[in-house]
Each structure stands twice: as structure tokens, then as C-alpha cells.
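Since this is a predicted model, take the numbers as computed values, not measurements. Heavy-atom basis, side chains included; hydrogens, waters and symmetry copies ignored. All residue numbers in this chain count up from 1 along the given sequence.
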Amino acid sequence: SEEELRDFDSRIRRMLKHEAVIEYVAELKIDGVAVSLWYKNGIFTQGATRGDGLRGDDVTLNLRTIKDIPLRFYCTENDFPPVLEVRGEVYLPNNDFQRLNREREEERKAQFANPRNAAAGSLKLFDPQTTSKRPLHLFAYTFGYYEGDTFTDHIDCLKTMKKYGLPVNPHYTKCRNMDEVVSYCNSWESKRNDLAYQVDGIVVKVNSLKLREELGSTSKAPRWIISYKYHPEEAVTRIETIRVQIGKTGTLTPVAELSPVQLSGTTVSRATLHNFDEIE
């Protein structure tokens, strides 16, 4: 909330205990699947899901099929760390999500509940050829581990990732104070519905890497970052009928046919009904 953002700002200023100039970077919070990409000498060698933050799933072969991810950094000169971890978000655009669910319906397969679930399911498939047919995309948003004292601030990291050939979401901004952060958050409340992908909030980070080091982390998370979350969108529509899909294995899945309604930038006309108590 706005109040929590301002508390975050006050807490940081108390912790630093000196008159530091604090700039923030505000970025769209993509509703996808967090991944870690490892590059050695500029070549993509391994990728994993975030998992529990300590251990994730090795999805290297599936990540290689995503065209947004460069298998080798674009820059010719070796001005990159010998070992570098890139963190990003894999997502499925709204139109591609709807097309994928229509195909699954025709094949009598269970439909995905939302684009994030579709992206997660696609990343964890055992067959990379099947994953390659899913229109997955990636936005890189930060560096994790890297060797050498290479970067000065977060804006520098974002610009460097673009130079390497990594896709960076263009809608980030540097804010001189928390008032500008709050203004940015409010401005995207409705604009996010015009995007081709799902956004569920704004991520706010201290720009200076030196100040981040001073602030450190708790046992759960860094002290220099916070997320502003938008309320989930809701809409009212009418259930026209409920049909029961029969899967190839004989699984029965009730599906509600709805009067089409706009929600989070997509047209919703059907919904899988998983919970029989709720249906009743």
C-alpha cells in the first residue's frame, strides 16, 4: 500500500544513519515465473526456476527454446564478468494464453487457469520440443551473482543487460523520492490493462548498489526492495451453461460458459470449475 511504501522509505533513512541521497527505481511487476540464467564467458550455460529461493528446477533445455534469451551475449568485446547470473521473469502474453487454451480445449485437455500457470507448466515440460511451441517470453530485471566490481547502480545494470542482448521491460523509471514512486504506482493502476501481458504490481528498489550493500538483508529478503501490489481485478458476469469436458484419461472437468467479460486486459468467456463445493 502507499502507507507501507512510505514506511519503507522512512525505515531505509533511519537504517543508513547518514544524509544519503536515496534514489529509487520503479519497475512493472510481471506476473510470470522467476528464473535464474547463468552465463560463463558470455555463453548461456544453465537456467533454473527460483523454487524455494535456495533450490529450483533445472530447466536449461526449455529455456534455450525461448527466442528472447540470447545463448551468447551480443557484444563482441569481452567487457562482461566471466561468471554472471541474470534474473528474469518468463511470461506468456495474453493473446497467446487464450490461443493456447482454445487449442487445449479442442484436444480435450484441461485449460490453464491464467497466463502465469501456463508459463510455469510450459517451463517444466519434459520435452523441450513441446516447450518450443509455446510462445514464452522473458524480461530480465537484475543481476544476481557476478564476479568483479562491475556495476554502480540498478539503472546501470538494466542498460548493461540491454547491451548484452537481454530483453528489459521499457517501462521502468528512476524516482528522486517516494512521492515520485507513489505517482508512478498510481499512474499504472489502469494503464496496465492496455499491456499485452499481465502485471500485478510495481517493484521498488534502491538504485545505488553501494547503499544496498549497507542496508543488507534479513533472513528472508533484502532490505532495499519492496513490492506495491494492485488489488486483483474482479468482474461480474453470467454463467450461461456448464459443460463437462472428458479428458483422454477419462477425467471429468466442468467448465462454465460465461457471458464474455473484460478482465485484466483479456476477454474471459469460460472458466474451469475445479471445486464442486463452490459450484454448488
Side-chain angles (χ1 to χ4, degrees), residues 26-37 44 47 49-50 57 59 61-71 86-107 109-125 127-142 158 161-162 164-173 184 187-203 227-235 237 255 258 260-272:
E27 303 168 83
L28 301 184
K29 186 175 181 297
I30 310 300
D31 192 12
V33 182
V35 294
S36 170
L37 313 173
F44 176 53
T49 60
R50 181 172 59 191
D57 295 318
V59 288
L61 295 179
N62 288 345
L63 288 170
R64 284 180 176 276
T65 69
I66 299 176
K67 294 181 174 61
D68 286 349
I69 299 177
L71 301 183
V86 176
R87 293 178 185 173
E89 199 85 6
V90 171
Y91 67 96
L92 189 67
N94 296 329
N95 288 341
D96 292 319
F97 165 70
Q98 292 180 345
R99 184 167 65 249
L100 177 60
N101 262 353
R102 285 196 297 269
E103 292 172 358
R104 292 180 69 83
E105 183 182 20
E106 292 170 1
E107 297 170 2
K109 294 179 180 178
Q111 296 181 38
F112 291 111
N114 51 56
R116 185 189 184 283
N117 285 5
S122 302
L123 266 188
K124 294 182 180 181
L125 290 169
D127 180 13
Q129 285 191 331
T130 304
T131 302
S132 68
K133 297 174 183 176
R134 304 276 175 89
L136 297 174
H137 292 266
L138 173 115
F139 281 129
Y141 57 78
T142 194
L158 293 174
M161 284 191 286
K162 289 170 69 176
Y164 290 169
L166 291 155
V168 173
N169 190 283
H171 302 297
Y172 65 84
T173 187
Y184 178 86
S187 71
W188 278 98
E189 178 80 51
S190 58
K191 284 196 304 184
R192 64 193 175 107
N193 295 327
D194 298 328
L195 295 168
Y197 43 85
Q198 298 281 298
V199 169
D200 61 355
I202 302 293
V203 181
S227 291
Y228 177 90
K229 296 296 289 288
Y230 293 119
H231 292 293
E233 276 199 74
E234 296 180 351
T237 187
V255 178
L258 311 170
V261 62
Q262 283 292 117
L263 191 63
S264 298
T266 63
T267 302
V268 180
S269 58
R270 50 177 66 85
T272 304

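One distance of note links NE2 of His137 with CD1 of Ile66; it measures 9.0 Å at 0.5 Å rounding. Taken from CD in Glu189 to OH in Tyr184, the straight-line distance is 13.0 Å, to the nearest 0.5 Å. Expressed to the nearest 0.5 Å, how far CH2 of Trp188 lies from CD1 of Ile202 amounts to 7.5 Å. Summarising the geometry, atom CG belonging to Leu100 is positioned 9.0 Å from atom CG belonging to Leu136; distances are rounded to the nearest 0.5 Å. Atom-to-atom distance recorded for Lys133:NZ and Gln129:CD is 7.0 Å, nearest 0.5 angstrom. Distance check: Glu27 CD to Thr142 OG1 gives 7.5 Å after rounding to the nearest 0.5 Å.
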Without placing hydrogens or testing angles, list every side-chain donor-acceptor pair under 3.5 Å for residues 115-123, not counting sequence neighbours.
unit_1 : atom_1 : unit_2 : atom_2 : d
Arg116 : NE     : Gly32  : O      : 3.0
Ser122 : OG     : Ala118 : O      : 2.7
Ser122 : OG     : Arg134 : NH1    : 2.7

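Results of the side-chain hydrogen bond (donor to acceptor under 3.5 Å, both in side chains) test with Tyr197 over Asp96, Asn169, Asn94 single out Asn169 as the only residue that passes.
Annotation: side chain of His171 is not in contact with side chain of Val199 (no heavy-atom distance under 4.5 Å).
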Derivation of the side chain to side chain contact (heavy atoms under 4.5 Å, CB included) call for Phe44 and Leu63: CA-CA 10 Å; Phe44 176 53; Leu63 288 170; 4.1 Å; yes

- prompt: Passes side chain to side chain contact (heavy atoms under 4.5 Å, CB included), Leu28 versus Arg192? Steps please.
  reply: CA-CA 9 Å; Leu28 301 184; Arg192 64 193 175 107; over 6 Å; no

- request: Dump the intermediate steps for side chain to side chain contact (heavy atoms under 4.5 Å, CB included) on Leu37 and Ile69, then the final yes or no.
  value: CA-CA 9 Å; Leu37 313 173; Ile69 299 177; 4.2 Å; yes

task: Take Lys124 and Asp57 through the side chain to side chain contact (heavy atoms under 4.5 Å, CB included) test and state the conclusion after the steps.
output: CA-CA 8 Å; Lys124 294 182 180 181; Asp57 295 318; 3.3 Å; yes

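Residues satisfying the side-chain hydrogen bond (donor to acceptor under 3.5 Å, both in side chains) test with Asn101, not counting sequence neighbours, are none. For Ser187, the side chain to side chain contact (heavy atoms under 4.5 Å, CB included) criterion is met by Lys191, not counting sequence neighbours. In terms of the side chain to side chain contact (heavy atoms under 4.5 Å, CB included) criterion, residue partners of Ser269 (sequence neighbours excluded) are, by chain and number, Pro260. With sequence neighbours left out, Ala34 forms a side chain to side chain contact (heavy atoms under 4.5 Å, CB included) with Arg50, Glu89, Tyr141. Asp200 pairs by the side chain to side chain contact (heavy atoms under 4.5 Å, CB included) definition with Lys29, Asp31, Lys229, not counting sequence neighbours.
Shortest non-hydrogen contact noted between Leu138 and Pro167 is O-CG, 3.0 Å. Contact detail for Pro128 and Asn62: the closest heavy-atom pair is CA-OD1, 3.2 Å.
With ring centers used as reference points, Tyr91 lies under 6.0 Å from Phe139.
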